[in-house]
Amino acid sequence: MPTRGVMNTSLFEMETAAPPSRDILGTGTAVLAGFALDAEEELLSSLKDVIERSPLRNMVTPSGFRMSVAMSNCGSLGWVTDRTGYRYDVIDPEANRPWPAMPTAFRHLAISAAEEAGFSNFIPDTCLINRYEPGARLSLHQDKNERDFTQPIVSVSLGLPATFLFGGLERGDKTQRIQVIHGDVLVWGGSARLRYHGIAPLKDGEHPRIGRVRYNLTFRNAS
DNA sequence: GAGTCACA
DNA sequence: GGGA
């Protein structure tokens, strides 16, 4: 099984002494893995490039609340919210042009992670970039603006640690709390694809490489 | 309700 | 931290 956290070994090394990945639900539909240190440099420089072209912004929910998480996207589509609702848009409504292309390092990481988790035909066409500053949160929700729920979700954690809330298929279901750290990759799909999930308010701290912030990259097939 | 709030 |  894959390892978690940043490993100075090959991508998704399968035979190390580091803490093993967890089959989060015990059903093989959600796993926690990690990426290799040699992939980190390119990942971070690509992230910088993307958010220079499509800056992070705090979007507004349909009910008019400003989200505490700042977001951007790359890929052929991007997830956006405003007073009219949630949707995927080919245009960055703030920059008024298409979202930046998905960097190769992003795509390869997402496909590798999905494959490692047992989803061998993942075609990510969008990556939502979330920036959490201390106190920022993402309340329990389902990812259901996509069309093909047979395609999994791949979530990459960078920077400060966070508590990932993993619920059930109904809002009221019991949630489990999963600590995610820099380098963790969560993959879920199949019968877990529509499970509620979220992020608890981010605890303040300082990450040696990323600073006082957490980034999350969420890969999906939206079309 | 991808949020906020009161209450525990 | 869980529920309305």
Side-chain angles (χ1 to χ4, degrees), chain A residues 24-25 29-30 47 50-51 54-95 99 102 106 110 124-149 151-180 184-189 192-205 213-223:
Chain A
I24 299 218
L25 305 175
T29 53
L47 174 60
V50 168
I51 61 184
S54 274
L56 294 154
R57 79 295 303 261
N58 296 89
M59 300 182 192
V60 173
T61 65
S63 45
F65 293 110
R66 174 184 182 273
M67 296 183 73
S68 59
V69 179
M71 299 176 162
S72 184
N73 293 274
C74 60
S76 55
L77 294 165
W79 186 87
V80 292
T81 176
D82 58 23
R83 306 258 183 358
T84 71
Y86 309 137
R87 67 179 183 279
Y88 281 97
D89 202 321
V90 297
I91 299 295
D92 174 350
E94 187 144 309
W99 300 99
M102 189 182 297
F106 278 31
D125 60 10
T126 179
C127 174
L128 175 64
I129 298 162
N130 290 166
R131 184 192 64 199
Y132 297 77
E133 295 185 327
R137 72 196 72 186
L138 198 56
S139 62
L140 222 51
H141 66 278
Q142 293 173 297
D143 290 6
K144 57 182 182 183
N145 297 118
E146 302 76 29
R147 304 215 173 143
D148 182 1
F149 295 143
Q151 290 270 297
I153 295 169
V154 175
S155 170
V156 178
S157 295
L158 298 169
L160 289 176
T163 301
F164 189 94
L165 308 170
F166 214 61
L169 295 176
E170 295 181 42
R171 181 176 288 278
D173 291 345
K174 184 177 186 290
T175 62
Q176 66 186 99
R177 307 170 86 79
I178 300 160
Q179 298 306 314
V180 288
D184 278 347
V185 183
L186 266 168
V187 181
W188 69 97
R193 175 62 178 74
L194 290 172
R195 289 182 83 136
Y196 278 88
H197 56 280
I199 292 287
L202 195 78
K203 190 181 169 187
D204 200 355
V213 67
R214 170 178 187 262
Y215 289 96
N216 180 75
L217 311 178
T218 308
F219 296 90
R220 308 184 183 96
N221 181 293
S223 62

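Model, not experiment: these values are computed from the prediction. Residue numbers begin at 1 in each chain, while the letters A, B, ... track the order of the sequences.
- On the P atoms, dC7(B) is 22 Å away from dG3(B), given to the nearest whole Å.
- Spacing between atom CZ of R83(A) and atom P of dG1(B) amounts to 14 Å, rounded to whole angstrom units.
- Look at the P atom in both dT4(B) and dA8(B): the space between them is 22 Å, to the nearest Å.
- Atom pair Y196(A):OH and dG3(B):C1' shows a separation of 14 Å (rounding to whole Å applied).
- Protein atom CZ of R137(A) is 9 Å distant from nucleotide atom C1' of dT4(B), rounded to whole Å.
- Aromatic ring centroids of F164(A) and W188(A) lie under 6.0 Å apart.
- Atom pair L138(A):CG and dT4(B):C1' shows a separation of 14 Å (rounding to whole Å applied).
- Residue D143(A) is in base contact, counting any heavy-atom pair closer than 4.0 Å across all strands shown.
- By the side chain to side chain contact (heavy atoms under 4.5 Å, CB included) test, L56(A) pairs with I51(A), A70(A), S72(A), I129(A), R131(A), Y215(A), sequence neighbours left out.
- The salt bridge (Lys or Arg N to Asp or Glu O under 4.0 Å) contacts involving residues 152-168 of chain A comprise nothing, where partners must be two or more places apart or lie in separate chains.
- The salt bridge (Lys or Arg N to Asp or Glu O under 4.0 Å) analysis of residues 162-171 of chain A, with sequence neighbours excluded, yields no pairs.
- Atom P of nucleotide dG3(B) and atom CG of L165(A) are separated by 12 Å, given to the nearest angstrom.
- Across all strands shown, D82(A) has no heavy atoms under 4.0 Å from either base or sugar-phosphate atoms.
- When heavy atoms are screened at a 4.0 angstrom cut-off, R220(A) is found touching base atoms of the nucleic acid.
- The distance from atom CG of N130(A) to atom C1' of dA2(B) is 9 Å, rounded to the nearest whole Å.
- With sequence neighbours excluded, the residues that form a salt bridge (charged side-chain N to carboxylate O under 4.0 Å, His left out) with D89(A) are R87(A).
- Checked by atom type and distance alone, the side chain of T126(A) pairs as donor or acceptor with a backbone atom of L77(A) at under 3.5 Å.
- Checked against side chain to side chain donor-acceptor pair (under 3.5 Å), S223(A) has the following partners two or more places apart in sequence or in another chain: D125(A).
- Between R177(A) and the phosphate of dG1(C), there is a side-chain N or O to OP1/OP2 separation shorter than 4.0 Å.
- Applying the side chain to side chain donor-acceptor pair (under 3.5 Å) rule to Y132(A) yields no partners; only residues at least two apart in sequence or on another chain are considered.
- Heavy-atom distances under 4.0 Å link DNA chain B to T61(A), S63(A), F65(A), M67(A) of residues 56-67 of chain A, given in residue order.
- For residues 55-69 of chain A, the set of pairs meeting the salt bridge (Lys or Arg N to Asp or Glu O under 4.0 Å) definition, not counting sequence neighbours, comprises R57(A)-D92(A).
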Fill in the blank from the handout: Base-pair string, DNA chain B, Watson-Crick plus G-U, cut-off 3.5 Å on both distances, | for inter-strand, is ...||.|.

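- Atom CZ in R87(A) sits about 16 Å away from atom P in dA2(B), given to the nearest Å.
- One interatomic measurement links the two molecules: CD of Q142(A) to P of dG1(B), which rounds to 13 Å at whole-angstrom precision.
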